[in-house]
Amino acid sequence: MDNINNSYFDGYYKEIWRNLIPVELTVKETDFIFSYFNLQSGQKVLDLMCGYGRHALAMANKGIAVTAVDNLDAYITEIIEIADKSSLPVEALKSDILKFEVKDSFELAVCMGNSLCFFDRADTISILKKVYNYLNPGGHFFINTWMLAEIIFNNFQSKSWTQVGELKFITESKYLLQPSRIETEHLILDSGNNRELKKAVDYIYSIAEMEQMLIESGFVLKEIYSIPGKKKFTLGDPRAYIVAEKR
């Protein structure tokens, strides 16, 4: 049967991302977060667009009180179940990232896995300003992205495919301008010939544009790494880790 089904693959997504993102990368990113920001047990961290909680749960395992926010039920449900089972200090909230409200203030906010690029300039600034308001004085925002213009110019691929277990991902992307963005169609196929087509838009900002948005939101851009704690970002590196500080 050849079938477009918008819910058929929902149960696979958590496992898909676990396979696509190496555990070792999460460990390195979490270690960097603890060492660079000098996190101590009992401090509070806001994890935005947290996915299945790979950073939130890792930080909570080290005594950090984490508020994790995502818009997908499956992710939030899993985080709550794991946190409850292991008595971890995690509060997981399902919310549109543009509308989330939390009760605490934080030493650090993180947004990992390229999630901030889903938003145009106006919405990005709205998110940045909201994060700024929830941070304590001198707090930091740590952003992971691979959609900087300085990355895309050397790494853009219009077509690609990936196999994860029985699922095949066929991706076709277009690089568009005004605003700069990549519009992508992801075709997901399984061995039973079920298929699902998903569309996505990733907005592209230069480092200068990203810095200007941070400044408009009250932040100072402190540093950009390509390998957390080991290598500062240089032109064409495949990923970036941005450190911003609340002024």
Side-chain angles (χ1 to χ4, degrees), residues 5-30 33-34 39 44-104 106 108-119 123-124 126-128 130-131 134 141-147 162 164-167 169 171 184 186 188 190 194 196-203 239 241:
N5 186 331
N6 288 329
S7 62
Y8 178 82
F9 291 97
D10 284 354
Y12 288 96
Y13 288 138
K14 290 184 292 182
E15 296 306 320
I16 289 168
W17 283 109
R18 286 191 178 92
N19 281 280
L20 291 177
I21 301 174
V23 173
E24 295 79 8
L25 178 61
T26 303
V27 172
K28 290 177 181 178
E29 291 172 342
T30 304
I33 289 170
F34 269 84
L39 288 184
K44 296 178 180 180
V45 172
L46 176 63
D47 187 352
L48 293 178
M49 291 174 278
C50 61
Y52 58 85
R54 59 193 183 100
H55 299 95
L57 295 170
M59 288 187 283
N61 267 305
K62 296 186 178 183
I64 300 300
V66 181
T67 298
V69 182
D70 202 278
N71 67 339
L72 293 181
D73 281 317
Y75 288 151
I76 294 302
T77 298
E78 179 177 347
I79 293 170
I80 290 172
E81 289 175 352
I82 294 173
D84 287 348
K85 183 177 180 180
S86 301
S87 298
L88 296 177
V90 177
E91 180 180 7
L93 303 175
K94 178 184 179 295
S95 176
D96 183 325
I97 195 64
L98 292 168
K99 301 176 181 177
F100 81 94
E101 300 288 341
V102 292
K103 60 179 183 244
D104 290 317
F106 303 89
L108 173 68
V110 302
C111 185
M112 308 297 287
N114 200 48
S115 299
L116 199 60
C117 74
F118 300 157
F119 302 93
D123 284 345
T124 299
S126 177
I127 293 168
L128 292 174
K130 181 169 282 195
V131 170
Y134 281 122
F141 192 16
F142 186 54
I143 304 164
N144 170 222
T145 181
W146 47 85
M147 283 293 165
T162 303
V164 179
E166 70 167 297
L167 301 182
F169 293 78
T171 300
T184 303
H186 303 275
I188 310 171
D190 73 359
N194 291 286
E196 180 177 342
L197 185 66
K198 285 187 171 292
K199 297 182 179 182
V201 178
D202 296 304
Y203 291 91
R239 65 178 61 88
Y241 296 88

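All values below come from the heavy atoms of this structure, side chains included, with hydrogens, waters and symmetry mates left out. Computed from a predicted model, the values in this text were never measured in an experiment.
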Shortest non-hydrogen contact from V90 toward A83: CB-CB, 3.9 Å
Let me confirm one number: the CE-CZ distance from M112 to R54, rounded to the nearest 0.5 Å. 6.0 Å
Heavy-atom count check: over 12 atoms from other residues, nucleotides or ligands less than 6.0 Å from K28 NZ? no
Nearest 0.5 angstrom please: L128 CG to K130 NZ, how far? 12.0 Å
For C111, does its backbone N or O pair with a side-chain atom of S115 as donor and acceptor, under 3.5 Å? no
So how far is it from F169 CZ to T162 OG1, rounded to the nearest 0.5 Å? 8.0 Å
Please answer whether the main-chain N or O of Y241 pairs with a side-chain N or O of N144 as donor and acceptor at a distance below 3.5 Å. no
When rounded to the nearest 0.5 Å, the distance separating CD1 of I143 from OG1 of T124 is 9.0 Å
With rounding to the nearest 0.5 angstrom, report the CD1 to CG distance, I79 to D70. 7.0 Å
For A56 and D47, work out which heavy atoms get closest and say how close. N-OD2, 3.4 Å
What are the two closest non-hydrogen atoms of I97 and F100, and how far apart are they? O-CD2, 3.0 Å
Return the set of residues passing side chain to side chain donor-acceptor pair (under 3.5 Å) with Y134 (not counting sequence neighbours), or none when no residue passes. E101
Should T145 and L116 count as side-chain neighbours, where that means a heavy-atom distance under 4.5 Å? no
Whether the side chain of D190 engages the backbone of E166 through a donor-acceptor N/O pair (distance < 3.5 Å, no angle test) should be reported. no
Testing the basics here: between A92 and I80, what is the closest heavy-atom pair and its distance to 0.1 Å? CB-CG1, 3.7 Å
Checking the side chain of K198 only, and the main-chain atoms of I188 only, is there a donor and an acceptor separated by less than 3.5 Å? no
Hey, could you give me the CG/CG distance between L93 and L48, rounded to the nearest 0.5 Å? 10.5 Å
If you apply the rule side chain to side chain contact (heavy atoms under 4.5 Å, CB included), what do you find for K44 with T67, and how did you get there? CA-CA 8 Å; K44 296 178 180 180; T67 298; over 6 Å; no
Mind checking what makes salt bridge (Lys or Arg N to Asp or Glu O under 4.0 Å) contact with D123, not counting sequence neighbours? none
D73 versus K94: any side-chain heavy-atom pair under 4.5 Å? yes
Which heavy-atom pair separates A68 from I76 by the least distance, and what is that distance? O-CD1, 4.2 Å
Short side-chain to backbone donor-acceptor contact, N71 and D96, under 3.5 Å: no
Would you check if the side chain of S86 reaches a backbone N or O of L88 as a donor-acceptor pair within less than 3.5 Å? no
Side-chain contact, heavy-atom cut-off 4.5 Å: V110 with C50? no
Contact check, side chains of D202 and F118, non-hydrogen atoms, under 4.5 Å: yes
